[in-house]
Number of protein chains: 2
Amino acid sequence: MRRVPAQIAARLPAAAELFADRGFENTKVDDVAAATGVPKATLYYYFAGKEEILAFLLQETLQQMADEVAIAVQAPDSAAARLAAVVRAQLRVMADQPSVCRALIENLGHAGRIPELASSVTEAYYTPVQQLLDEGVRDGSLRATEDPSTTAMVLFGAVTMSALSYLAAGRPLSPEGLSPAILTVVLDGLRPTDSPP
Amino acid sequence: MRRVPAQIAARLPAAAELFADRGFENTKVDDVAAATGVPKATLYYYFAGKEEILAFLLQETLQQMADEVAIAVQAPDSAAARLAAVVRAQLRVMADQPSVCRALIENLGHAGRIPELASSVTEAYYTPVQQLLDEGVRDGSLRATEDPSTTAMVLFGAVTMSALSYLAAGRPLSPEGLSPAILTVVLDGLRPTDSPP
DNA sequence: TCGTGTTTAGACTCTCAGTCTAAACCGCGT
DNA sequence: ACGCGGTTTAGACTGAGAGTCTAAACACGA
């Protein structure tokens, strides 16, 4: 995959729209060309195939999430507060790109080999979150869990699935509305019992 | 889709194996025929197409989950204990059919229209779990949440994503090993603060 | 002006998904 | 035995569309 010029990258989300609406299979490469305004031959000049377009979209979105998460993690607040910010950040990215997220989740199998995907998510999400969990134990704002990696996955899954059910139903996803509901469930379980609300 | 005879249904999980290994797209119907021993023409006699085979597998698995969840819900324990049993039940189903689950999750978009899928999951999981959350508030074993439907999704997502990361990595998924880690995160948040462990 | 990388239209190939045919095969009622 | 419905199957066929190739422009710096 060649380095994709910005003016082409900017047009690709229109393809995600199609993928999300009609499904990946039912979207012809010619349709993608028509919807994005990027001619088919040019698409094949940059991408090895239709799947690579989806994979590119996924990488972009994961990168965006990694950036937002990194910002949330570096704030000068308690670890608990930053963890809440991470949840909101993930929701914000998903709310920002509803079609891309739907298309990606519904077609994970097309977006690349799963192991590579998994390590991308690890880099963008699990590693920073696990670090945050650690810091939370040290600053006393979070309870220690016996298996931080599972805890990170629980968080990621909780947020992803909740958001997905909005996206799938076509309902608008409001990070401000949804995050408190997720956080009360998850955060209260992480708060030390010696400092209840 | 005709009523699928048991001896054919029993052979289909072999197809899920292929879907999970090489991906749905890279699996030819002829491959499915070879792997299951069910001739291509017979497959087309019962299923309208390749996607319908996946959809059938999904329905079977959801039904199995609905059954297991129903059993867990009806136990004579506290709501909290039954909720823990629901989590273990879901993990057990996923551990039972790793390939099917991987294939399904990686190819949600192929397994049927998402709204129908969503309502199947609602029937099999969200409705019983929400009922359980209600009962928990009444019997005092669970804390009330402002949005029980979101809570149910959080649970489902937490379990699904944790399990998936094992399946995707090819690691064996042990319900007994994983459920405590999930439950400490999620259940402690649901426990009333007036009865800590 | 040359050369290198980019852009594009359009025609082409080739792999499957799915269809069709037509021949067995099976049980069951008569 | 016989015929009749549903089932099972092999194998040939069709059509859609992913991906390839060609060859002509274009851009732009050396």
Side-chain angles (χ1 to χ4, degrees), chain A residues 1-60 103-104 106-113, chain B residues 1-60 103-104 106-113:
Chain A
M1 194 194 313
R2 274 171 241 254
R3 211 190 52 73
V4 181
Q7 73 244 40
I8 287 181
R11 291 180 154 158
L12 290 179
E17 209 82 30
L18 296 185
F19 294 154
D21 287 353
R22 344 172 156 174
F24 183 74
E25 288 320 288
N26 304 324
T27 306
K28 306 192 244 312
V29 174
D30 289 307
D31 295 340
V32 173
T36 57
V38 181
K40 181 170 145 172
T42 306
L43 288 173
Y44 276 105
Y45 181 73
Y46 285 108
F47 303 101
K50 198 164 66 155
E51 314 218 327
E52 221 173 65
I53 297 175
L54 194 68
F56 176 79
L57 252 10
L58 175 62
Q59 283 308 328
E60 292 261 290
L104 291 173
E106 289 172 14
N107 299 284
L108 273 179
H110 289 297
R113 284 286 85 211
Chain B
M1 194 194 313
R2 275 172 240 254
R3 213 189 52 71
V4 181
Q7 75 242 42
I8 287 182
R11 291 179 153 160
L12 289 180
E17 209 82 30
L18 296 185
F19 294 154
D21 287 353
R22 343 170 156 177
F24 183 74
E25 288 319 288
N26 304 323
T27 307
K28 307 192 244 312
V29 174
D30 288 308
D31 296 339
V32 173
T36 58
V38 181
K40 180 168 145 173
T42 306
L43 288 174
Y44 276 104
Y45 182 74
Y46 284 107
F47 302 100
K50 199 165 65 155
E51 314 218 327
E52 220 171 66
I53 297 176
L54 194 67
F56 176 79
L57 253 9
L58 175 63
Q59 283 307 329
E60 294 260 290
L104 291 173
E106 289 172 14
N107 299 284
L108 274 180
H110 289 297
R113 282 289 83 211

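Bear in mind the structure is a predicted one, so any value in this text is a computation, not a measurement. In what follows, every chain begins at residue 1, and chains take the letters A, B, ... in the order their sequences are listed.
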Could you check how far [atom1] of [X] sits from [atom2] of [N], rounded to whole Å?
| X | N | atom1 | atom2 | result |
| --- | --- | --- | --- | --- |
| A/Glu52 | D/dG19 | CD | C1' | 13 Å |
| A/Lys50 | D/dG19 | NZ | P | 7 Å |
| B/Tyr46 | D/dT8 | OH | C1' | 8 Å |
| A/Arg22 | D/dG17 | CZ | C1' | 14 Å |
| A/Lys28 | D/dA16 | NZ | C1' | 8 Å |
| B/Glu25 | D/dA16 | CD | C1' | 14 Å |
| B/Tyr44 | D/dT7 | OH | C1' | 19 Å |
| A/Leu43 | D/dA18 | CG | C1' | 12 Å |

State, to 0.1 Å, how close [X] and [Y] come at their nearest heavy-atom pair, and which atoms those are.
| X | Y | result |
| --- | --- | --- |
| A/Phe19 | A/Leu54 | CD1-CD1, 3.7 Å |
| A/Pro13 | A/Leu57 | N-CD1, 4.3 Å |
| A/Ala111 | A/Ala55 | O-CB, 3.4 Å |
| A/Leu12 | A/Leu43 | CD2-CD2, 4.3 Å |
| A/Lys50 | A/Thr27 | NZ-O, 2.8 Å |

(message) Quick check for you: name the first and last nucleotides of DNA chain C, 5' to 3', having an atom under 4.0 Å from a heavy atom of chain B.
(response) C/dC16 to C/dT19
(message) Do B/His110 and A/Glu106 pair up side chain to side chain, a donor and an acceptor below 3.5 Å, judged on atom types alone?
(response)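 No pair is found: no donor N or O on one side chain lies under 3.5 Å from an acceptor on the other.
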(message) Using heavy-atom distances to pick each residue's nearest nucleotide on DNA chain C, tell me which of A/Lys40 and A/Tyr45 is more 5'.
(response) A/Tyr45
(message) Need one value for A/Phe47: base, sugar-phosphate or nothing, where a base atom within 4.0 Å counts as base even if backbone is also close, heavy atoms only.
(response)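 Nothing: the residue A/Phe47, judged by heavy atoms under 4.0 Å, touches no strand.
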